[in-house]
Amino acid sequence: MLEMAAASDRDPFGDLPDELLSRVLSFLPAEDALQTCVLETRWRDLWRRLTSLRFVFDGPTFPRYNRFKRLVKLLICLRGNSPLIRCEIDAYPDDEPENMFTNTRLLIDYALACEAEELIVRAADIQYDLPVFDVPLSLISQHLKTLHLEGVNLDHSALKFSGCLVLEDLRIQLCNIRACEISSMSLKRLCITDYCSLPDIVRLRICAPSLISLQLEDFEGLTPFLENMPLLETAHVNLEDGCHDHCRSNQGVCDNIVCGCHAYPVKEGVLLNGLSNAAKLDLIALPKMFLYRSDLKWCPIFGKLKTLLLNEWFTAVDLVCILRQSPVLESLTLKLGNTEEQQEPKKQKHNHLFVHALSPFILNVKRLMREFLQS
């Protein structure tokens, strides 16, 4: 077919519908998609109407400074303000030797001006060392719904997304977060994962009253403080080695004033009060982490909680406290070592807990539960 088209000087893709060709173009890096404009007028019009742009390059193909600068200016000039749905940008320094990110910032502003609904900004995947891009604070958009940041700096005193009125999804991965606050009235899903660096002196506060889903794990620094989230449905929290909420001397409270055991607030909890409206909770931590146990002293009520997963951070007393404060709990999974124990309390006035593992810990839980049910 291609040979016949070439012989007749006809576009070999001429019989394909515009919708299919536009779909194909949307998967190409911006530089490759732009080159289709030289084929004929139809391709130029298709490219201008693309609603997805990808400025994504691997190490060998990433354009050098001047070429990247010309690419950005040419694209903006030819494409104009045609609406965008999705824009994916590799943050790359373009003003050698100052290592500024002028064109990366220009692309971000352009995507927002074109009413992009999804914006992805990540560190360029280059083999040699690069300075880290500082995401500009003034992200203002009436249309942005999804923001994905990866491998960049969030070096601001506060990350207030009040200028993004319909922002619903925020994913932060491998980022340096130095802000003392993340706030958004519209945010519904928040994900902070993959070794993000969080403040280690003052806790990051998260204010997102419309949040329905939270994922927080694999971070380094102090655990964020969660403000009330009345609409929260699901949350997965994992406090691992990078979390600073443990005593370095394993004393509970030590004499080292910079130790994590001195960072716990005196008059309020950190996590569990903010998570108390969730219907599904995964609370995972290394045993040395004290945060969940300390938060339980504030007696949060889990009035909507139906599904709960815990691992071995808790004591028998902690478990009884959680069950006492969870009146509608239906499913509890305990991950003890390499085992999982599924427990199904019946929906009665006094729930019955069925545990099959015969370890001293579980036997102690059974004894405490019997005392609780008889009280």
Is there a continuous path of hydrophobic side-chain contacts, each under 4.5 Å between heavy atoms, that joins [X] to [Y]?
{"X": "Val132", "Y": "Ile120", "result": "no"}
{"X": "Leu336", "Y": "Leu310", "result": "yes"}
{"X": "Val270", "Y": "Trp298", "result": "yes"}

Candidates Leu271, Leu272, Asp295, Leu309 - the one meeting side chain to side chain contact (heavy atoms under 4.5 Å, CB included) with Leu283: Leu272
Is there side-chain contact between [X] and [Y], with at least one heavy-atom pair below 4.5 Å?
{"X": "Met229", "Y": "Leu190", "result": "no"}
{"X": "Leu170", "Y": "Phe161", "result": "yes"}
{"X": "Leu239", "Y": "Asp245", "result": "no"}
{"X": "Phe302", "Y": "Leu281", "result": "yes"}
{"X": "Ile182", "Y": "Ile172", "result": "yes"}

Salt bridge flag under 4.0 Å for residues Asp241 and Lys288: yes
Partners meeting salt bridge (Lys or Arg N to Asp or Glu O under 4.0 Å) with Glu88 (sequence neighbours left out):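 In terms of salt bridge (Lys or Arg N to Asp or Glu O under 4.0 Å), with neighbours along the sequence ignored, Glu88 is linked to Arg54, Arg86, Arg122.
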Taking every non-hydrogen atom, the tightest pair across Ala179 and Pro199: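 Minimum heavy-atom contact is O-CG, 3.3 Å.
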Members besides Leu174 in its Ile/Leu/Val/Met/Phe/Trp/Tyr cluster (side-chain heavy atoms under 4.5 Å):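 ILVMFWY cluster around Leu174 also holds Tyr195.
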Leu231: hydrophobic cluster co-members (side-chain, 4.5 Å):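 Result for Leu231 is Ile212.
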His148 side chain to Gln173 side chain, donor-acceptor N/O pair below 3.5 angstrom: yes
Ser186 (side chain) donor-acceptor with Leu167 (main chain) under 3.5 angstrom: yes
Results of side chain to side chain contact (heavy atoms under 4.5 Å, CB included) for Asp318 - residues two or more places apart only: Arg293, Leu296, Trp313, Phe314, Thr315
Side chain to side chain contact (heavy atoms under 4.5 Å, CB included) involving Glu168 - partner list, sequence neighbours excluded: Lys188, Arg189
Residues forming a side-chain hydrogen bond (donor to acceptor under 3.5 Å, both in side chains) with His156, sequence neighbours excluded: none
